Enquirer: 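Pasting a structure here, questions to come.
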Amino acid sequence: MKNWGKVWKEDKNGSPNPYIQNIYMAYVSQSTLAIYKQWVADGKKIPLEDIIQIATRLVCDGANSLM
């Protein structure tokens, strides 16, 4: 992940910023759950291995990575 350090960057007191971490974890958990739900709703027409690769690319690199 290119910007991983920004997510876990410490604040001026030397502590990780929990609010940035919360936003990041919400994004990762909700987006991966939505991908899984859509895959199931579509009848699992795409192989699981492909879904894993697509989800990883989307979460790590965003939508532009698939364009």
Side-chain angles (χ1 to χ4, degrees):
M1 234 179 262
K2 299 175 198 169
N3 296 320
W4 185 260
K6 291 182 181 181
V7 173
W8 306 120
K9 187 175 182 180
E10 296 176 346
D11 65 16
K12 60 185 173 187
N13 299 320
S15 300
N17 187 326
Y19 305 108
I20 293 173
Q21 292 175 5
N22 290 343
I23 295 296
Y24 176 79
M25 293 308 295
Y27 168 77
V28 169
S29 64
Q30 293 303 308
S31 60
T32 53
L33 179 59
I35 291 167
Y36 175 77
K37 285 181 173 182
Q38 188 61 54
W39 178 65
V40 171
D42 288 343
K44 301 180 182 179
K45 302 292 184 193
I46 300 171
L48 177 60
E49 294 78 18
D50 293 350
I51 290 297
I52 291 169
Q53 288 179 357
I54 291 167
T56 301
R57 285 178 66 187
L58 285 170
V59 170
C60 294
D61 299 322
N64 285 338
S65 68
L66 297 178
M67 304 277 172

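Quantities reported herein were computed from a predicted structural model and do not represent experimental measurements.
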Enquirer: Below 3.5 Å, can you tabulate the donor-acceptor pairs from side chains in residues 34-44 to any protein atom, sequence neighbours excluded?
Expert:
| residue | atom | partner | partner atom | Å |
| --- | --- | --- | --- | --- |
| Q38 | NE2 | D42 | OD1 | 2.9 |
| Q38 | NE2 | D42 | OD2 | 3.3 |
| W39 | NE1 | I46 | O | 2.7 |

Enquirer: How far does CD of Q53 sit from CG of L48, to the nearest 0.5 angstrom?
Expert: 10.5 Å
Enquirer: In Å, rounded to the nearest 0.5 Å, how long is the span from CG of N17 to CG of N22?
Expert: 8.5 Å
Enquirer: Who pairs with S31 by side chain to side chain contact (heavy atoms under 4.5 Å, CB included), at least two apart in sequence or on another chain?
Expert: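 Residues passing side chain to side chain contact (heavy atoms under 4.5 Å, CB included) with S31: Y27, V59.
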